[in-house]
Amino acid sequence: MVTIKHIREIRPRLDDEFNPGVFVPRTPAIAEAYRWGKELHAGQLRLSGEPYFETHCAWVAAFVDKLVANEAWTIAALLHDSVEDQGESLERIKQHFPGRLGEEIAFIVDGVTKISAPRDGRSREMETLRKIAQYRDPGVFLVKLADKSHNLLTLHHMPAHKRQQKATEAIRAYGKLAGILNCYRWRRWIEDLAFPFAEPETYTSVKAMIDTDPRLDLNFINPMMEQLGAIMEKSGLHGSIEIIVNGYWQSWQKLRRMARARKTSMNSFRDVNDIISFRMVIEEEDEAACYQLLPRVNRFLGPYLDQNRFDDYIACPQNGYRALQITAWLPDLGAVEVAIATRDMEGENHWGVVYAIQKGKDISHYRPVEILTPTGGARFLPEGSTVLDAVASIQQEFLLDKISAVKVNGALVRLSDRVNSGDVVEVITDGTRQPPNEEWLAYANNSTARLLRSVLVTEALKKSAEKGRQLIKPILINQGILSLEDVQVLDPVRFDILLENLAASSLEDLYASVGSGAIRELDFADALINAGITQQNLNWTTISITGSKNANRPGVLARIAHLVSQAGGNILRSINDTQPDGSFYIRLVIKNLTSTKREALRLAFLNADIEIVSLEVA
């Protein structure tokens, strides 16, 4: 039997999932902790004016208890602010709850308690994050996540500047913590609660674009679910067809990553495949059943199947996430993801370490390494991560080609060195940079390796493009051209014909294709002629001049233009730039110069009262 979980509302309120309701103690020890905590916090109010303990501490405890029902963790959640806010001691907590229970409660309370007197002038928040990092304990992480989650619900009571700071911290630190613990639902909730306060204008724009996306139309979703359900029925499998609608923040971040990789533009989410993800959840706990269903789904999607976007996260789990993911490009809609997983896989895909605890599974792989940046940002990495992984986590692929050196806790380190929880990682970008190379893949985790491969491809293309520029330069000079950019601007029709003749998508693609040998120099020369980009048709002379710092003074451009005019030339285009050392560069595209006038102009520049470092005439 296959159940179709039809959708009536795209983004239903998450009250049932994230509202634990009235706190009810399950055990005598929890009841005593509630009584004692209420006594300790008596008279303390929140910014909203509500009683602090009954509204905040009780909510955190109720939520943690609902998730994992661990007595020690629930009590620690009730008392998590008792040391920091009320001056209670860890020893008194141990005395109040003798034995192993008290030890575990005190351990978690200590882990989430902020440091009141930071060392070395560091901020209180940063030192607290370092402290949390040292514990690497799921109890500490979950209590802290619940604490921060409830604080987000009352952001509107804070001053504006504080709201933005706390919201940004929630996304960058605690959203990532929920992510590394594979708690997708929790991460989405945190990030989308914080997004409107962290970046209000961006949130409004992103929300408007996503909410009107045709892929979120119920008239598309429900029939699609029916068709997928029929496929599962024919396969003889039991299960359900469900959907996941991705969060606004996660969708925005994925769009940015894809745009940086030149896989899409920033003005449309059509290429973001998991705006909606159709989930084919198989009841049988059998990985083979997932692979049995895969070819049937592929045949159903047929010509719309995106052959370049298939992920097997069952064979190679990603941070605890397991599923087969297929992408289709549907006309008038965009990219759509279909995922196949077993019920057990999907449970952990949604709630990660929480689901694993509930099912009594091994949670040893949910012990993330937390590293910090000098400005107090926090990033979470898998066990065994290296300095290179830490750099990649800080600014994604932006930093991987800009590394001069890296310091950990103030000392220079190698990219292959391991990082430990609490390490402060500083990326130095000044000076000579280390070019990314394939050897780095040997000490990159899976996430970093994906980013690095993208960077290596980009770097290879840059090198090929530069080589291509040099190879075609003599060919262009024969036609009076020093830069194809001038043809692109001044004669776009001929330029487009050139790209079409060479099957190049852009000028940079053309350069890279010549540099890699995909386009031969002879073919390029022939294509120029066929496109009409010749000296005879254009009648151009191109001149590039580099002038010294001393020559870069008021009137120099007018002097250069005067010399061109005297030679009888007409300037079609002028590109000029001042270099960091004060020197200047100018490139002129000039029309109506005979070979005699061209030579006369060259001599005029050499004999002019302008200190010229280099002169090139084509």
Side-chain angles (χ1 to χ4, degrees), residues 462-492 494-495 498-499 504 506-515 521 524-525 527-529 531-618:
K462 286 180 182 177
K463 290 178 182 177
S464 292
E466 183 54 38
K467 182 180 178 182
R469 282 187 180 89
Q470 298 307 314
L471 288 174
I472 67 174
K473 189 173 182 179
I475 301 170
L476 292 174
I477 287 175
N478 288 336
Q479 307 298 345
I481 302 167
L482 287 177
S483 173
L484 272 177
E485 282 86 348
D486 295 331
V487 181
Q488 185 177 23
V489 171
L490 296 174
D491 201 336
R494 285 193 171 107
F495 177 79
L498 175 68
L499 292 185
S506 65
L507 181 54
E508 199 68 15
D509 183 35
L510 189 157
Y511 287 144
S513 296
V514 173
E521 294 159 68
F524 174 76
L528 275 183
I529 295 170
I533 302 174
T534 65
Q535 176 70 59
Q536 182 180 3
N537 289 329
L538 299 175
N539 192 20
W540 287 358
T541 296
T542 309
I543 297 176
S544 73
I545 303 167
T546 301
S548 70
K549 177 182 179 180
N550 296 331
N552 192 6
R553 58 180 185 269
V556 66
L557 292 179
R559 175 69 175 137
I560 290 172
H562 179 68
L563 291 174
V564 173
S565 179
Q566 278 189 323
N570 178 29
I571 297 176
L572 298 177
R573 188 170 191 239
S574 171
I575 303 295
N576 54 279
D577 191 22
T578 298
Q579 306 299 317
D581 62 359
S583 64
F584 71 89
Y585 168 82
I586 184 168
R587 187 175 75 249
L588 301 172
V589 180
I590 306 165
K591 196 161 186 173
N592 299 329
L593 288 181
T594 63
S595 58
T596 303
K597 289 180 178 180
R598 189 181 302 122
E599 178 59 19
L601 181 58
R602 187 183 71 83
L603 293 174
F605 277 125
L606 291 175
N607 295 323
D609 56 345
I610 302 171
E611 194 173 312
I612 293 177
V613 176
S614 68
L615 173 68
E616 192 170 11
V617 180

- prompt: Gln488 and Leu507: which non-hydrogen atoms are nearest, and at how many Å?
  reply: OE1-CD2, 3.8 Å
- prompt: Taking the side chain from Gln579 and the backbone from Phe584, do they hold a donor-acceptor pair closer than 3.5 Å?
  reply: no
- prompt: Any sub-3.5 Å donor-acceptor pair from Thr542's side-chain atoms to Val589's backbone N or O?
  reply: no
message: When you compare the side chain of Asn592 with that of Lys597, does any pair of heavy atoms fall below 4.5 Å?
response: no
query: Between OG1 of Thr578 and CD1 of Ile586, what distance do you get to the nearest 0.5 Å?
result: 10.0 Å
query: Do you know which two heavy atoms are closest between Ile477 and Glu616, and how far apart they sit?
result: CD1-OE2, 3.9 Å
query: In Å, rounded to the nearest 0.5 Å, how long is the span from CZ of Arg587 to CG of Asn576?
result: 10.5 Å
statement: For Ile543 and Leu482 the tightest heavy-atom approach is C-CD1, 4.1 Å
message: For Ala561, is there any backbone N or O sitting under 3.5 Å from a side-chain donor or acceptor partner on Ser565?
response: no
message: For a quick check under 3.5 Å, do Thr534 and Asn537 share a side-chain donor-acceptor pair by atom type?
response: yes
- prompt: Given side chains that start at C-beta, do those of Glu485 and Val489 come closer than 4.5 Å, heavy atoms only?
  reply: no
task: Give, for atom CD1 of Ile610 and atom CG of Leu557, the distance between the pair rounded to the nearest 0.5 Å.
output: 9.0 Å
task: To the nearest 0.5 Å, tell me how far Gln535 CD sits from Leu528 CG.
output: 12.5 Å
field: Heavy-atom check, side chain of Ile481 versus side chain of Asp486, under 4.5 Å
entry: no
query: Which residue, Lys473, Lys467, Glu466, forms the side-chain hydrogen bond (donor to acceptor under 3.5 Å, both in side chains) with Gln470?
result: Glu466
query: For Phe605 and Ile612, which heavy atoms make the closest approach, and how far apart are they?
result: O-CD1, 3.4 Å
message: A side-chain contact here means heavy atoms from C-beta on lying under 4.5 Å apart; do Leu563 and Ile560 qualify?
response: no
query: Should Thr541 and Leu601 count as side-chain neighbours, where that means a heavy-atom distance under 4.5 Å?
result: no
field: Close side-chain approach of Ile533 to Asp491, heavy-atom, < 4.5 Å
entry: no
task: Evaluate the side-chain proximity of Trp540 to Leu490: yes if any heavy-atom separation is below 4.5 Å, no if none is.
output: yes
statement: Between Asp581 and Lys549 the two heavy atoms that sit nearest each other are O-CD, 3.5 Å
message: With no hydrogens and no angle check, just 3.5 Å: does a side-chain donor-acceptor pair link Ser548 and Asn550?
response: no
message: As an exercise, state the distance from CD of Gln479 to CG of Asn539, rounded to the nearest 0.5 Å.
response: 12.0 Å
task: Please report the shortest heavy-atom distance between Gly547 and Ser583, naming the atom on each side.
output: O-CB, 3.0 Å
query: Can any side-chain N or O of Arg494 pair as donor or acceptor with the backbone N or O of Gly532 at less than 3.5 Å?
result: yes
Heavy-atom side-chain contact between Glu508 and Arg469 under 4.5 Å: yes
field: Distance, nearest 0.5 Å, that separates CZ of Phe524 from CG of Leu498
entry: 5.5 Å
